Amino acid sequence: MIADLVLSNSKAYFKEDIVDCSIAFGNGRILKIGKEANMPKADSRIDLKNQLVLPGLIDAHVHLRDEGKSRKEDFYSGTSAAAAGGFATVVDMPNNDPVTMSSGTLRNRMDIAERKVLVNVGFRCEFPRNLKDVELIVQQGALGFKLFMAEQVGGLDLDDDDGIIEAFKTVAGFGASVAVHAEDKETLKKAEDVLKKEKRNDVAAFLKAHSERVELRAVERVLNLVRRSGVQLHFCHVSTEEGLNAIVEARESGARVSCEVTPHNLLLSSDDLKRIGMLCVCMPPVRDKRHIEALWKGVKNGSIDFVASDHAPHLLKEKEAESVWDVKVGIPGLETTLPLLLTEVNRGRLELGELVRLLAEKPAEILQLRRKGCLTEGYDADLTVVDLHRKFKIDSSKFLSKAKYSPFDGREVTGKPVKTFVNGRLVFDEGEVVVKPGTGRVLRREIAV
Ligand SMILES: [Zn+2]
């Protein structure tokens, strides 16, 4: 047996421990983890110089744009940012131009991605207008569906509960899951209209419009639809104590629900939003201390399943409008998520094992990505190597993403991704992309028959 590559002198997060070992890759899989003396012969070797090796991290919520929105980001720039941020796998969301909501738009997106991506990419699809198309989308390999509830994006009528239940049942019939952006359209629209009439157009008005109630209403409504359809449902970027409590309660009474939190909802407050301004505007917004504490509690006790960046890149000038209602909503997160969380590990607020659970094990489990999420022989050779003690300042001008802004700009962090391996190949090495476009793979959901 000859391995393609052996990584020596690594400190790997292996079975809830950090072990000194070497790791051999072959055919894109992990062949062996063990002592250097037990490694097979290899075509090439890399000395990791005792740096920390984690399973290839997974960001289950990103917007890679491309196609009609490629001025903001494309598959190459977005997956370069992923590799630079230590992510070996990302999941793309459907609010694209055209919206990913048919087997045709999905196939086209997969074809374009195949040629350009540096890391593995899976896709979520919005609901098609005709539910008969759900089967075609599933066959095309969507990792799951997405329902955006703050405004009309996909083919489902957001005001029609029965229609949504039917759609959920159809998706459940194929064993697929639904991810939801839970903000209630009607409550949001009403609040926005009032504020606009009052000529309020600053970030405080945005915060007021996207109130706690907007999230809770949507969460409660969706939970009711989940109970009546039996679908497996994932809540994106939970941001409030009340929303989280409702999800936890539903899970305790048997609903198949999971949820994620973003790093900005954990680490930025509504005061930060007022200080930073438009660059920090995102949906749902960052909130006050009470919610931040509840979210951290959820991260620590496991009621929040994972962390996802909600990487939502825009042009800088799209973030610079006079009125908050004209500002494009979203912030890039692929290149800040891991350093920010490693900083929390260094501070002692997060255990390394918790970080691995939040960024690898749980997203792999919930997305049903077999052979991903932990370092195990036979699993895919996706690895994230970090320098746990390297200090630096977040500098968005250095991002590989096209979106060169961040509400975290200037923040001192400790812990940096230094190498990212994808499918057995070194993709990103000390600040540079070292492979050609197309090294990553398009992930298609394996359909259980
Ligand atoms: Zn999003």
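Values in this document were obtained by computation on a predicted structure and should not be read as measured data. All ligand and atom numbering here is 1-based and tracks the order in the structure.
The name of the N, O or S atom in Asp310 nearest to the Zn ion (ligand 1) is OD1. For His63, the N, O or S atom with the smallest separation from the Zn ion (ligand 1) is NE2.
The side-chain hydrogen bond (donor to acceptor under 3.5 Å, both in side chains) test with Ser309 is passed by exactly one of Thr337, Thr262, Asp59: Asp59.
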- Taking it one step at a time, do Leu131 and Val134 satisfy side-chain contact (heavy atoms from CB on, under 4.5 Å)? CA-CA 5 Å; Leu131 286 185; Val134 165; 4.0 Å; yes
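Here His237 fails the criterion, with no N, O or S atom under 2.8 Å of the Zn ion (ligand 1). For a distance bound of 2.8 Å, the N, O or S atoms of His181 include none lying that close to the Zn ion (ligand 1).
The aromatic rings of His237 and His181 stand perpendicular to each other, their planes meeting at an angle above 60°, with 30° marking the opposite boundary.
Rounding to the nearest 0.5 Å gives a distance of 10.0 Å between NZ of Lys146 and CG of Asp92.
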